[in-house]
2 protein chains.
Amino acid sequence: MAMTVHRSLVAAVPMFAGMSEAEQDDILARASSRHYAGGTVVFEQGMLAENFYVLLSGRLRVTQTTAEGQQTIVRMVNPGDLFGIARALRRTDYPGTALAVIDSVALQWPMTDWDSLVEGHPRFLANTMLAMGQRLQEAHTRLQEFSTEEVERRVAHAVLRLANQGGRKEADGIRIDFPISKQDIAEMTGTTLHTVSRILTAWEKAGVVEGGRQKLLVREPHRLFLIAEGNQPGLL
Amino acid sequence: MAMTVHRSLVAAVPMFAGMSEAEQDDILARASSRHYAGGTVVFEQGMLAENFYVLLSGRLRVTQTTAEGQQTIVRMVNPGDLFGIARALRRTDYPGTALAVIDSVALQWPMTDWDSLVEGHPRFLANTMLAMGQRLQEAHTRLQEFSTEEVERRVAHAVLRLANQGGRKEADGIRIDFPISKQDIAEMTGTTLHTVSRILTAWEKAGVVEGGRQKLLVREPHRLFLIAEGNQPGLL
DNA sequence: CGGATTGTTGAGGATACTCAAGTTAGGTGG
DNA sequence: CCACCTAACTTGAGTATCCTCAACAATCCG
């Protein structure tokens with residue numbers, strides 16, 4: 001269901017930041033847009049990387065599966081994010097699987113256009129490098145959390161990240177506005193859904209969050225932050 | 001102890017790959033080289049990022065320290081590696097501390113030259129992006145290890161990485177040819193020096209490695225690989 | 001030679017995992 | 001619209017891994 005795209009749709013997309021309208025048009029002319037229903041796979045780990053993408057709306061989950069079949073969530077893809085840029089890592093296949101967790105729309109370019117975009121549009125290259133820098137920093141932050149923090153704090157950090165990147169303000173807190181299961185949170189924090197369930201139950205009793213089946217509302221972000229920073233006894 | 005640098009010294013440095021000699025000379029003209037004795041700090045976490053670097057020889061350890069004072073080793077810097085590129089992450093300070101673990105020589109550029117290098121030398125930008133891509137992949141690999149593997153396997157992976165990146169072949173195995181303490185390995189794998197000591201002792205008894213104070217020789221890389229992949233009962 | 005850093009080893013205990021059984025919520029089809 | 005089925009979640013009990021605490025030994029450096 002490919003179709004061409006107008007500039008106005010990508011005004012706020014970081015990849016196009018600092019570009020002239022003409023330059024944006026030039027790049028968009030090679031793109032097509034595509035809709036992915038919730039639950040649909042955009043690409044799968046190991047697949048030949050034929051396209052790279054920018055998410056316009058919706059939400060994706062990128063996972064990696066080990067040889068033994070264990071899954072980890074590498075990141076959530078939010079609107080405006082680049083994803084599937086295997087070429088930038090000098091790879092010909094996708095290192096992970098991208099799944100639309102809700103209905104999503106993405107722009108796509110054939111990977112064969114990558115080199116000419118990089119060479120012809122220094123702005124594109126610079127913006128891509130910036131995005132990779134941010135991902136690198138987030139990866140380092142998470143590594144430090146894994147190295148030094150116990151499970152409850154890691155879960156607190158993960159939930160805060162979800163709230164920051166994909167949260168919508170509501171009357172009584174910040175709502176994670178896409179379906180997120182305990183299993184998902186477990187795969188982000190390197191624990192089990194059982195432990196996540198116990199932790200969230202304790203937080204819920206203390207009034208910090210409000211759970212539900214694939215639902216999550218952060219009632220008191222500040223207290224969650226205290227738990228994440230370890231300045232709090234811990235509610236478990 | 002700054003001084004100018006000749007092209008021949010950087011023939012094998014990835015940052016200069018694919019550049020004409022004239023281009024290399026142009027970039028090198030702005031660099032100075034500096035020697036760091038073993039144990040010396042190149043830059044410290046939080047410091048204003050005034051330079052970026054390429055390591056010519058020696059070995060650095062980059063660490064991050066948490067608010068509570070816990071240290072983690074972000075990476076080892078090997079000859080040829082770019083480091084201290086805070087600017088690429090849109091930071092004005094260094095996110096970690098770089099320490100020379102042995103006598104080392106690095107090229108340095110003032111960070112004020114970064115933008116003009118990036119804009120004037122597309123090759124430099126592309127090579128930098130590639131380096132970041134590799135670091136991002138390594139970070140994801142380590143995250144997956146933290147998420148899914150027990151300590152012994154994580155330590156095995158860390159030792160294999162050390163052997164691959166900083167190993168020298170000897171008669172009876174691969175020697176890590178810079179000083180590495182159990183504490184270092186613990187900070188790479190998110191465990192304690194006690195546990196690392198116990199693991200290495202067990203491996204040593206089985207003839208897989210040979211330890212010593214800040215010394216490490218991998219006698220049987222293949223068996224270590226099996227432990228890392230979990231195809232082995234585990235020697236602990 | 002003496003002090004400091006690094007490493008070893010043991011005992012005990014806490015965190016979080018596994019195993020197990022059940023409950024709730026939501027979607028599906030009759 | 002209700003009954004059923006499945007996926008998501010809850011909760012408990014037992015246990016393994018690994019951490020903490022502690023004391024000591026070895027190695028290096030000045």
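Proteins get letters first, then strands, A, B, ... in listed order; numbering begins at 1 in each. These values consider heavy atoms only, across backbone and side chains, with no hydrogens, waters or symmetry-generated copies. Bear in mind that the values here come from a model prediction, so they are computed numbers and not experimental data.
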What protein N or O atoms touch nucleotides 23-29 of chain D N or O atoms at under 3.5 angstrom, if any, and at what distances?
{"from": "dT27(D)", "atom 1": "O2", "to": "Arg213(B)", "atom 2": "NH1", "distance (Å)": "3.1"}

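A salt bridge is defined here as a Lys NZ or Arg NE, NH1 or NH2 lying under 4.0 Å from an Asp or Glu carboxylate O, and Arg61(B) with Glu187(B) fails to meet this definition.
Contacts with DNA chain D (heavy atom under 4.0 Å) in residues 170-189 of chain B: none are found.
Between Glu152(B) and His157(B), the side chains place no donor N or O within less than 3.5 Å of an acceptor N or O (distance only, hydrogens not considered). Using modelled atom types and a 3.5 Å distance limit, the side chains of His194(B) and Thr192(B) yield no donor-acceptor pair.
Taking atom CD of Glu150(A) as the reference point, atom P of dA14(C) lies 12 Å away to the nearest angstrom. As a whole-Å value, the separation of Glu149(B) CD from dC18(D) C1' is 16 Å. For Glu204(B) and dG7(C), the CD to P distance is 12 Å, given to the nearest whole Å. Gln214(A) places its CD atom 12 Å from the P atom of dT10(D), with the value rounded to the nearest Å. Rounded to an integer number of Å, the gap from CG of Leu200(B) to P of dT9(C) is 11 Å. At whole-Å resolution of the value, CD1 in Ile199(B) and P in dG7(C) are 14 Å apart.
OP1 or OP2 of dT8(C) has at least one side-chain nitrogen or oxygen of Ser197(B) nearer than 4.0 Å. Taking 4.0 angstrom as the limit, Thr195(B) places none of its side-chain polar atoms (N or O) nearer than this to OP1 or OP2 of dC18(D). Dashed line: the shortest gap from a side-chain N or O of Thr191(A) to OP1 or OP2 of dC17(C) is under 4.0 Å. Distances shorter than 4.0 Å separate some side-chain N or O of Thr201(B) from OP1 or OP2 on dT9(C).
Annotation: side chain to side chain contact (heavy atoms under 4.5 Å, CB included) contacts of Thr72(A) (sequence neighbours excluded): Gln64(A), Gln144(B), Ser147(B), Thr148(B). Looking at residues two or more places apart in sequence or on another chain, you find a side chain to side chain contact (heavy atoms under 4.5 Å, CB included) between Arg175(A) and Arg168(A), Glu170(A), Asp177(A), Lys215(A), Leu217(A). Taking the ring-ring contact (aromatic ring centres under 6.0 Å, His included) definition, one finds that Phe83(B) meets it with Tyr53(B), sequence neighbours left out. Ala163(A) pairs by the side chain to side chain contact (heavy atoms under 4.5 Å, CB included) definition with Ile174(A), Ile176(A), Val218(A), not counting sequence neighbours.
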